[in-house]
Amino acid sequence: MDLPQQLKAVTLTHVRYRRGDHLGHFLAWISLVPVFISLGGFVSHFLFRRELQGIFFGIGLVISQFINEFIKTSVEQARPETCTLLEACDSHGWPSSHSQFMFFFATYFSLMGCKGIGFWFGLKSRWILNLLHWCLAIVTMYSRVYLGYHTVAQVFAGAALGGIVGASWFWVVNSVLYPYFPVIEESALGRMLCVKDTSHIPDVLKFEYDNARAARNNTKSD
């Protein structure tokens with residue numbers, strides 16, 4: 001039995017870097033940001049927030065990844081030669097799914113901020129948050145080249161595609177689907193899952209804070 005050929009890593013979290021390379025170690029963790037966003041961010045958002053804007057944001061990321069896989073299997077462009085050491089040659093490289101994910105996320109998040117959707121505390125914090133996720137997107141893109149998983153052309157293709165799909169999906173959600181949000185909220189499934197839309201509220205955090213305090217005061221008075 002040829003055991004090594006029968007073993008395969010889970011590529012979602014399997015990131016290699018050169019031993020002793022501290023920058024590579026850091027960038028390997030950065031490469032896992034899409035996993036943290038997907039599992040930690042959107043799963044916890046659905047469990048505790050159930051905002052329609054966030055749900056459709058997550059659906060868009062899933063659609064973007066399906067588009068990425070379709071293009072990869074159609075183009076079948078190989079990864080760089082370093083894929084042998086990384087045990088990643090059995091998957092295609094163009095376009096980079098990590099870059100596409102992060103630039104979809106950054107584009108969509110920025111457009112939400114421009115429209116005033118979400119937990120915004122004013123213009124200053126909005127720019128700080130935008131700077132943070134764009135920095136993460138750029139560093140993630142760089143990490144895929146530095147670690148040897150992609151060529152420069154592959155990460156730029158993923159970034160461009162992610163930005164285009166992100167902007168397009170934002171338009172679909174907020175121009176085509178948004179009028180149906182009240183219908184989704186009032187549907188049997190929507191009421192059962194307690195999904196809601198608060199994108200019409202300027203400061204959601206302050207709104208929920210005030211209502212939570214009011215509810216507690218009413219409970220004490222009763």
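When all heavy atoms of Val139 and Ile30 are compared, the closest pair comes out as CG1-CG2, 3.7 Å. The minimum heavy-atom distance between Val165 and Ser64, with the atom names listed, is CG1-CB, 4.1 Å. The two residues Ala159 and Met141 make their nearest non-hydrogen contact at CB-SD, 3.9 Å. Pairing each heavy atom of Asp197 with each of Glu185, the nearest pair is N-OE2, 2.7 Å. When all heavy atoms of Lys72 and Pro95 are compared, the pair lying nearest together is CE-O, 2.8 Å. Between Tyr149 and Arg79 the shortest heavy-atom distance is O-NH1, 2.9 Å.
Follow the hydrophobic side-chain contacts under 4.5 Å out from Val155 and you never reach Leu32; the two are in separate clusters. Both Leu193 and Ile55 belong to a single network of hydrophobic side chains, linked directly or stepwise wherever heavy atoms of I, L, V, M, F, W or Y lie under 4.5 Å apart. Residues Trp171 and Phe56 share a hydrophobic cluster, clusters being chains of Ile/Leu/Val/Met/Phe/Trp/Tyr side chains in contact below 4.5 Å. By the criterion of side-chain heavy atoms lying less than 4.5 angstrom apart, applied directly or through intervening Ile, Leu, Val, Met, Phe, Trp or Tyr residues, Met192 is grouped together with Val195 in one hydrophobic cluster. No single ILVMFWY cluster, assembled from side-chain heavy atoms under 4.5 Å apart, contains both Leu161 and Val62.
A donor-acceptor contact shorter than 3.5 Å links the side chain of Glu51 to the backbone of Thr198. No side-chain donor-acceptor contact under 3.5 Å links Arg18 to the backbone of Gly24.
Distance check: Thr151 OG1 to Gln154 CD gives 3.5 Å after rounding to the nearest 0.5 Å. Between Ser31 atom OG and Met102 atom CE the span is 10.5 Å, to the nearest 0.5 Å. Interatomic distance, CG of Leu177 versus CD1 of Ile59, reported as 9.0 Å (0.5 Å rounding). Between the NE2 atom in His133 and the CZ atom in Phe109 there is a gap of 6.0 Å [rounded to 0.5 Å]. How far CZ of Phe170 is from OG of Ser110: 10.0 Å, rounded to the nearest 0.5 Å. Taking CZ from Phe70 and OG1 from Thr73, the interatomic distance works out to 6.5 Å, rounded to the nearest 0.5 Å.
Every residue meeting the ring pair (Phe, Tyr, Trp, His ring centres under 6.0 Å) condition with Trp134, not counting sequence neighbours, appears here in chain and number order: Phe103. Among residues two or more places apart in sequence or in another chain, the side chain to side chain contact (heavy atoms under 4.5 Å, CB included) test is passed with Ala167 by Thr107, Leu111. With sequence neighbours excluded, no residue forms a side chain to side chain contact (heavy atoms under 4.5 Å, CB included) with Leu132. For Tyr178, the ring pair (Phe, Tyr, Trp, His ring centres under 6.0 Å) partners two or more places apart in sequence, or in a different chain, are Phe181. Every residue two or more places apart in sequence or in another chain that forms a ring pair (Phe, Tyr, Trp, His ring centres under 6.0 Å) with Phe57 is listed here: Phe42, Phe105, Tyr108.
Taking the ring axis of Phe156 as reference, the NZ or CZ atom of Arg144 does not stay both within 45° of it and closer than 6.0 Å to the ring centre.
Put simply, the side chain of Lys196 does not reach to within 4.5 Å of the side chain of Leu52, judged on heavy atoms.
His98 and Ser143 form no side-chain donor-acceptor contact under 3.5 Å, judged by distance and modelled atom types alone.
A salt bridge links Arg191 to Glu186: one of the charged nitrogens lies within less than 4.0 Å of a carboxylate oxygen.
Around the NE2 atom of His200, the shell of radius 6.0 Å holds more than 12 heavy atoms that belong to other residues, nucleotides or ligands.
Residues in residues 156-170 take part in no side-chain hydrogen bond (donor to acceptor under 3.5 Å, both in side chains) pair, two or more places apart or across chains.
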